[in-house]
Amino acid sequence: QVQLVESGGGLVQAGGSLRLSCAASGRTFSSYRMGWFRQAPGKEREFVGTISRSGGTTFYTDSVKGRFTISRDNAKNTVYLQMNSPKPEDTAVYYCAATTWSSDYSRLGKYDYWGQGTQVTVSS
């Protein structure tokens, strides 16, 4: 069992920066690939990016490449989403999730554990 708690959301101006954190319980955090997803009002939850167990590999959806960065600190059981130059269209509830899968990691159904989400609002 892994419990995930996101924090760091809030209101940010377009072009600014914001860092989300996701703290995980348990001693097996490093055995999970971690992902970030988001859900805007009236839209389906979508994949944002993922990071491998060691933190050595990341993968992002095209719309955030070059602006968002995922990192993790396995000693602190925490994964981060650094949002640089956010845009109004990045406004959403952001969720972190954990999976033991190593493939198809952009698919929601592959993730076993989810946080409660944190709201990010980007003003223009």
When you measure from the side chain of [X] to the backbone of [Y], do you find a donor-acceptor pair of N or O atoms at a distance under 3.5 Å?
X	Y	answer
Thr99	Lys110	yes
Gln39	Ala92	no
Glu6	Leu20	no
Arg72	Gly55	no
Thr61	Val48	no

To the nearest 0.5 Å, what is the distance between [atom1] on [X] and [atom2] on [Y]?
X	Y	atom1	atom2	result
Phe29	Cys22	CZ	SG	6.5 Å
Arg67	Ser17	CZ	OG	12.5 Å
Ser124	Glu89	OG	CD	10.0 Å
Ile51	Phe59	CD1	CZ	14.0 Å
Arg19	Thr69	CZ	OG1	11.5 Å
Asn77	Ser30	CG	OG	8.0 Å

Side chain to side chain, Val120 and Asp90, heavy atoms closer than 4.5 Å: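 Val120 vs Asp90: side chains apart.
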Heavy-atom check, side chain of Leu108 versus side chain of Glu44, under 4.5 Å: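 They are not in side-chain contact.
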Shortest non-hydrogen contact from [X] toward [Y]:
X	Y	answer
Ala40	Thr91	CB-O, 3.7 Å
Val93	Gly117	CG1-CA, 3.8 Å
Thr78	Ser21	CG2-CB, 4.3 Å
Pro86	Val12	CG-CG1, 4.0 Å
Gly56	Ser52	N-OG, 3.2 Å

Axial cation check for Trp101 ring with Arg107, 6.0 Å and 45° limits: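 Pair Arg107/Trp101 does not count as cation-pi.
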Sequence-distant partners of Arg53, side chain to side chain donor-acceptor pair (under 3.5 Å), two or more places apart: Ser102
With a 4.5 Å cut-off on side-chain heavy-atom distances among I, L, V, M, F, W and Y, is there a chain of contacts connecting [X] to [Y]?
X	Y	answer
Tyr32	Trp114	no
Leu18	Val79	yes
Met34	Tyr95	no
Val64	Met83	yes
Ile70	Val2	yes

Got more than 12 heavy atoms from elsewhere within 6.0 Å of [atom1], [X]?
X	atom1	value
Gln82	CD	yes
Lys65	NZ	yes
Glu46	CD	yes

Criterion side-chain contact (heavy atoms from CB on, under 4.5 Å) on Leu81 and Arg38, from CA distance to verdict: CA-CA 12 Å; Leu81 177 66; Arg38 65 187 180 185; over 6 Å; no
ring-ring contact (aromatic ring centres under 6.0 Å, His included) assessment of Phe68 paired with Trp36: CA-CA 11 Å; Phe68 291 7; Trp36 283 96; 9.9 Å; no
Whether Phe37 and Tyr111 hold their rings parallel, tilted or perpendicular, with breakpoints at 30° and 60°: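 Aromatic pair Phe37/Tyr111 classed perpendicular.
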